[in-house]
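Single-structure report; data block below.
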Amino acid sequence: MLRLPFAALLALISLGSVAPTGSSSSSSNHLPAGLGMDVELEPAQVNLNERFFDQVRALIKRRLQEKELSKPALEQSEQPLPLVVDDAVALQNQRSYDNVPIPAASVPTPVLVENWPTEQHSFGQVTAVAVDPQGNPVVFHRAERYWDVNTFNESNIYYLIEYGPIKEKTIYVLDAKTGSIKSGWGSSMFYMPHGMTIDGHGNYWITDVAMHQAFKFKPFSNKPLLTIGKRFRPGSSVKHLCKPTSIAVATTGEFFIADGYCNSRILKFNAAGKLLRTIPQPPEFLSLQVPHAITLLEHLDLLCIADRENMRVVCPKAGLISSHGEGEPAATIQEPDLGRVFGVASYGDIVFAVNGPTSMLPVRGFTIDPRSEAIIGHWGDFKNPHSMAVSVNGSALYVTEIGTNHQTNRVWKYVLA
């Protein structure tokens with residue numbers, strides 16, 4: 001078998017003087033001068049016939065094609081090659097809150113469900129709403145209790161301890177379709193309800209601003225699985241809370257407590273209740289004023305905070321995936337029409353928020369893109385909203401309001417269209 005270097009093949013095919021021959025006695029083999037040493041011959045002499053030249057031409061063509069294909073993709077075309085499925089998934093997983101706006105077509109718009117609930121309820125101030133793993137909205141209310149200027153003294157001590165806990169059920173599970181009450185619990189347990197969330201295992205995480213504590217409960221249980229803070233003892237140490245407002249729970253079991261009206265900080269714990277981190281902490285430059293609600297965007301590793309009195313939403317790194325980035329500047333959403341932010345809830349890459357009464361600003365809902373740090377939508381019309389939650393499957397959004405009677409203490413349902 002004859003094997004020629006590629007350069008020799010090019011030279012050979014370009015020679016017009018080479019012609020096929022039937023003679024086998026010549027030792028030159030009709031090769032150009034100087035190329036004989038690069039040719040390896042089998043024992044039998046080789047005839048340079050048309051078949052040989054056809055093979056040479058085919059080989060050269062293959063080599064040229066291989067050389068062209070080996071060039072970088074961007075040299076062949078100004079457009080990058082389309083992503084394969086694995087590449088697209090990897091790119092999605094690597095998305096961060098860099099300035100990359102979410103396409104408008106992928107952002108759902110909350111649409112009010114008229115005449116929901118189908119029956120009227122006599123709730124007290126509905127301070128929180130959550131959604132259980134079965135998709136049922138769950139409300140946390142104060143029954144006959146109200147928070148006013150006489151509720152706490154200047155040291156944040158609850159004045160009305162002698163009245164005891166609220167005797168009525170404070171937690172009601174509602175039917176997602178009709179809004180009717182399915183079940184209730186939480187009687188004689190809480191003094192001044194505030195925040196509530198339900199994790200993927202159905203555990204209830206609750207804050208009570210009068211008791212200065214945060215709790216983890218199994219549903220319908222009157223004994224907490226976990227308690228953070230000292231009963232009726234406000235403080236700023238790592239063992240104390242002071243009017244805690246909200247809790248966010250990660251799928252890893254780690255949880256965050258917004259501590260809240262007095263300390264204006266976020267505390268991060270492991271699943272066993274061991275303190276892992278305080279937000280902010282030096283040298284982190286983040287000043288909070290009443291972090292009123294919190295929500296996690298786990299795939300972006302962000303914790304978004306309703307920084308109420310600073311009238312903004314801030315989203316520092318949560319540190320669930322990696323500690324890298326903790327303490328770096330938080331994504332900040334602060335626009336003139338945002339006002340005092342009372343509630344936040346996450347949905348995919350976006351955050352829904354509601355503001356409360358703020359000067360002359362409309363009280364309504366907002367759709368926020370934390371990666372581009374922008375408000376990308378407005379919706380709703382409220383009087384005094386306090387909390388919100390998105391259903392497990394992302395089909396519904398619930399907003400609660402607090403007021404002075406059962407007509408103003410209520411929960412609204414929106415579908416995400």
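The structure presented is a predicted model; accordingly, all values stated were derived computationally and were not measured. Because only heavy atoms are used, hydrogens play no part in the values below, and waters and symmetry mates are left out as well, while side chains stay in. Heads up: numbering here begins at 1 and tracks the sequence.
- Across all non-hydrogen atoms, the minimal contact from M192 to A210 is CB-CB, 3.6 Å.
- Side chain to side chain, E254 and N270 fail the donor-acceptor criterion of an N or O pair below 3.5 Å.
- At a threshold of 4.5 Å between non-hydrogen side-chain atoms, the residues S395 and V415 do not count as touching.
- Under a cutoff of 6.0 Å and an axis angle of 45°, R410 and W412 form a cation-pi pair.
- Between Y163 and Y191, the ring center distance fails the sub-6.0 Å criterion.
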Worksheet item: Hey, mind stepping through F256 and F269 against ring pair (Phe, Tyr, Trp, His ring centres under 6.0 Å) and telling me if it holds?
Response: CA-CA 6 Å; F256 299 77; F269 299 84; 9.1 Å; no
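- When each of Q334, R340, Q289 is checked for a side chain to side chain donor-acceptor pair (under 3.5 Å) with N310, only Q289 meets the rule.
- Proximity of a side-chain donor or acceptor of S246 to a complementary backbone N or O of G195 within less than 3.5 Å is not detected.
- F123 and Y172 have their aromatic ring centers within a separation under 6.0 angstrom.
- Looking at E298 and T251, their side chains do bring a donor and an acceptor atom within 3.5 Å of each other.
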Worksheet item: Can Q125 and N409 be said to form a side-chain hydrogen bond (donor to acceptor under 3.5 Å, both in side chains), step by step?
Response: CA-CA 5 Å; Q125 292 184 328; N409 295 318; 5.2 Å; no
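- No donor-acceptor distance shorter than 3.5 angstrom exists from the side chain of E326 to the backbone of K317, with no hydrogens or angles considered.
- Between W379 and Y414, the ring centre distance stays below 6.0 Å.
- Of the possible polar contacts, none joining the S183 side chain to the V173 backbone as a donor-acceptor pair under 3.5 Å is found.
- When side chains are defined from C-beta on, D349 counts as touching R371, because their heavy atoms get closer than 4.5 Å.
- Other residues, nucleotides and ligands contribute over 12 non-hydrogen atoms within 6.0 Å of the CG atom of N405.
- No hydrogens or angles considered: a donor-acceptor pair under 3.5 Å links the side chains of K243 and N156.
- Atom CD of E162 sits in a crowded spot, with more than 12 heavy atoms from other residues, nucleotides or ligands closer than 6.0 Å.
- Remark: the backbone N or O of A345 is not paired with any side-chain donor or acceptor of T295 at under 3.5 angstrom.
- E168 meets the side-chain hydrogen bond (donor to acceptor under 3.5 Å, both in side chains) test with no other residue; sequence neighbours excluded.
- Within the 3.5 Å criterion, the main-chain N or O of V351 finds no donor-acceptor partner in the side chain of S346.
- Within a 6.0 Å radius of CZ in R364, other residues, nucleotides and ligands contribute more than 12 heavy atoms.
- Contacts of D381 classified as side-chain contact (heavy atoms from CB on, under 4.5 Å), with partners at least two apart in sequence or in another chain: none.
- Residues passing the side-chain contact (heavy atoms from CB on, under 4.5 Å) test with T278, sequence neighbours excluded: R265, L267, L275, Q281.
- Side chain of D301 to backbone of L320: a donor-acceptor contact under 3.5 angstrom is found.
- Ring pair H386/H194: centre-to-centre distance below 6.0 Å.
- Of the options Y159, Y261, Y158, a side chain to side chain contact (heavy atoms under 4.5 Å, CB included) to F152 is made by Y158 and by none of the others.
- Although no hydrogens or angles enter the test, the distance criterion places no donor-acceptor pair under 3.5 Å between the side chain of W185 and the main chain of N222.
- Aromatic rings of F215 and W205 (six-membered ring for Trp) have centroids beyond the 6.0 Å cut-off, not under it.
- Checking I206, V139, I166 one by one against P193, the side chain to side chain contact (heavy atoms under 4.5 Å, CB included) holds for a single residue, I166.
- In this structure, the side chains of I198 and P133 come closer than 4.5 Å at one or more pairs of heavy atoms.
- You'll find the side chain of S387 stays beyond 4.5 Å of the side chain of F342, heavy atoms only.
- Remark: aromatic rings of F232 and H212 are distant, center separation not under 6.0 Å.
- Counting only distance, with no hydrogens or angles, the side chain of D259 and the backbone of L241 share no donor-acceptor pair below 3.5 Å.
- Judged purely by distance below 3.5 Å, without hydrogens or angles, the side chains of D337 and H378 pair a donor atom with an acceptor atom.
- The backbone N or O of T404 sits less than 3.5 Å from a side-chain atom of T408, completing a donor-acceptor pair.
- Distance alone, capped at 3.5 Å, is enough to place a donor-acceptor pair between the D175 side chain and the T178 backbone.
- Residues T127 and R142 have side chains in contact (heavy-atom distance under 4.5 Å, counting atoms from C-beta outward).
- Using a 4.5 Å heavy-atom cutoff, the side chains of L297 and C304 are in contact.
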